[in-house]
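In what follows, a single structure is set out as structure tokens and then discussed.
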Amino acid sequence: MVAKLTAAERSAALASLPGWEAVDGRDAIRRKVKFADFNAAWGFMTRVALLADKQDHHPEWSNVYNRVEILLTTHDCDGLSQRDVKLAQAIDRILTESGN
Ligand SMILES: C[C@H](O)[C@H](O)[C@H]1CNC2=NC(N)=NC(=O)C2=N1
């Protein structure tokens, strides 16, 4: 069973993930990213999908043309956990590598 982050751990996690924001009314974090076009957005989503499946931790996300909105939360503990932080860090690395 995965543990929900404490309030202190949650603030520390958010402070260490500058691209991410808290979500109103949910124990979750969100990042919005804009790409050059749909092809770049979908390429990014493909990389994240493979990574998420490897981590057995899956985002709630949406795509409109060149924009991708990613929400991370842990369904198993009904809130934020270290699994979200780990996936967010990996997503940030993918973005950095692709110049975003
Ligand atoms: C059985 C499987 O390991 C679980 O259902 C995993 C799958 N992916 C998941 N993804 C997310 N975001 N939260 C979970 O609790 C979760 N649980």
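For clarity, every value in this text was computed on a predicted model and none was experimentally measured. Just so you know, ligand 1 is whichever comes first in the structure, and atom 1 is the first atom listed for that ligand.
Between D92 and R31 there is a salt bridge, since at least one side-chain N of the basic residue sits less than 4.0 Å from a carboxylate O of the acidic one.
Looking at D56, D78, D84, L71, it is D56 that brings a heavy atom closest to atom 1 (C) of ligand 1.
Closest approach of L87 and H57 over heavy atoms only: CD2-O, 3.5 Å.
Heavy-atom separations between T73 and ligand 1 include at least one value shorter than 4.0 Å.
For atom 16 (C) of ligand 1, the nearest protein heavy atom (residue, atom name, distance) is D76 OD2, 4.0 Å. In terms of protein heavy-atom proximity, atom 8 (N) of ligand 1 is nearest to H58 ND1, 2.8 Å. Ranking protein heavy atoms by distance to atom 14 (C) of ligand 1, first place goes to H75 N, 3.5 Å.
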> Under the salt bridge (Lys or Arg N to Asp or Glu O under 4.0 Å) criterion, do R26 and E60 qualify, and how do the steps go?
Replying inline: CA-CA 13 Å; R26 272 190 88 178; E60 295 179 24; 2.9 Å; yes
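Per-residue contacts place T74 under 4.0 angstrom from the following atoms of ligand 1 (heavy atoms of the residue considered): 13 (N), 15 (O).
Heavy atoms from other residues, nucleotides or ligands lying under 6.0 Å from CG of D37 number more than 12.
Residue Y65 is grouped with residue M45 when hydrophobic side chains (ILVMFWY) are merged at heavy-atom distances under 4.5 angstrom, including chains of intermediate members.
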